[in-house]
There are 2 protein chains.
Amino acid sequence: MITVALADDHKIFCDSLVALINDLDDFEVIWTVHDGAEAIEKLSVDENLPQILLLDINMPVKDGLEVARWMDENKKPVNVLVLTMEEDDTNIIRMLQYGVKGYLLKSVSADELFHALHSVAKYGFYYTPEITRQIGKQIGRKAKDQIPELKEREKELLQHLCSDMSYSEIAQKMFLSESTVDTYRASLFEKFNVRNRIGLLLKANSLGLVKL
Amino acid sequence: MITVALADDHKIFCDSLVALINDLDDFEVIWTVHDGAEAIEKLSVDENLPQILLLDINMPVKDGLEVARWMDENKKPVNVLVLTMEEDDTNIIRMLQYGVKGYLLKSVSADELFHALHSVAKYGFYYTPEITRQIGKQIGRKAKDQIPELKEREKELLQHLCSDMSYSEIAQKMFLSESTVDTYRASLFEKFNVRNRIGLLLKANSLGLVKL
DNA sequence: AAATCCATCAGGAAAAACCCTGATTATTTT
DNA sequence: AAAATAATCAGGGTTTTTCCTGATGGATTT
């Protein structure tokens, strides 16, 4: 019997998926949660660890990305199968970096889900040709206009720059002098090859580094 | 036995919902479709008419709105229950105009769906206080935090402001003096109640006036 | 130990953004 | 005809952003 857990804020979807999966002989849903924070809470307790976690990306409080990252950082021995409607690109790559074992869109059929579950249970992963092709396409695109390497502090600043705060407000919030903020700002402009703050915001957004 | 049909492009969701509903004694899913055009096709044949149609809004080819309108226009004796993740917009209002019998978000539980199904079967409608309150709130919000009325030229400028162009570049592109651009800019800031260009960009984006 | 990174800061100066108080002309409303 | 509105522009002033050339102390690498 393979244990499965679900994290999805669409409760009906969760509930009905439970019914669907529990109908299978080999699988059993041991718990469901409706946001990322709950998920991490559950997963913190070893007794709760499922063999497979079906994870949605769009969730309140903490999203699926954060859950996946947390799992990766804490080396939880759980096979994460992402199940989302974000066909959106940037997420896929980050998910892969966090070592998820499969990526399904909600537009797939129940049959394909079963396939995926069995595959993950047996081989530890599930990537269809279509998905991998799509991934490849996107990685290719990414390779060209790469995401530059950012220092921690720069990442923080980047988030703040994508708000309507002035630099002095940001400096306060980050407990830095305006000079330092300016230094990081210049560095970000250069790394992203933009000429002003709006350009930076737009690029960061298109690369999926900020959510507007 | 009450007949139910489903229209939702998320196949797993559909499939699992079928499992869930067929588990009930009183309900039976007679067909499912994955886009609006298929739905209309099915519904054109009287033999296929279900008593309740669970309808998603976001679908390819034709969306749920169009299906609802078509049903309304052709006076099909089907109780439409909208089941969607669009918590926002104008959609709710339009759906009401098309006479749908209930409006559920996918964040509700399976239990609430059962309630809704029973209620629609028995009383012909299902609107919980929460839903109606939410609807009211959203209509109210739309009224208050309305999208301000913009002159044509202001709309154009708004688009340009959401790029990395400087004002002088925008002035050139719009064949205006910088003064005029500045006047419109001030007007936009006031109408949207923002204090700088980034704030404007963010607000315009959140109101769906620009696509970043 | 020297060189290289990293995170932090200073000061100055040019450019751009932001704010304000006006004005002209043409059109539309009253 | 007078008033209101729309679309356009000028000028000048303040603040913020952007760009530049530096510097210091700590950590890491060589």
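Residue numbers start from 1 in every chain, and the chains themselves are labelled A, B, ... in the order their sequence lines are given, proteins ahead of strands.
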If you check every side-chain atom of [X], which of [options] has the closest atom?
X	options	value
A/Ser166	D/dT16, C/dT8, D/dT18	D/dT16
B/Asp182	C/dC18, D/dT18, C/dT8	C/dC18
B/Lys151	D/dA7, C/dC9, D/dT8	D/dA7
A/Arg153	C/dC18, D/dT8, C/dT8	C/dT8

Answer with base, sugar-phosphate or nothing: what part of the nucleic acid does [X] contact at a heavy-atom distance below 4.0 Å?
X	result
B/Thr183	base
B/Ser179	base
A/Tyr184	base

Task: Side-chain N,O (A/Arg185) to OP1/OP2 (D/dC19) below 4.0 Å - done: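 Checking D/dC19 against A/Arg185, a side-chain N or O does come within under 4.0 Å of OP1 or OP2.
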Open item on the list: Any side-chain N or O of B/Thr180 below 4.0 angstrom from OP1/OP2 of D/dC9?
Closed with: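 It does, given that an N or O in the side chain of B/Thr180 lies less than 4.0 Å from OP1 or OP2 of D/dC9.
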TODO: Return yes if some donor-acceptor pair links the side-chain N/O of A/Asp111 with the main-chain N/O of A/Phe114 below 3.5 Å, else return no.
DONE: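 Checked: no pair found.
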Open item on the list: Please check: side-chain N/O of A/Asp56 versus main-chain N/O of A/Asp8, any donor-acceptor pairing under 3.5 Å?
Closed with: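 No.
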Task: Ring centroid separation A/His118 to A/Phe27 under 6.0 Å - done: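 Centroid distance A/His118-A/Phe27: below 6.0 Å, so yes.
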TODO: Salt-bridge test for A/Glu169 and B/Arg195: reply yes if a basic N is under 4.0 Å from a carboxylate O, no otherwise.
DONE: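 Answer for the salt bridge query: yes.
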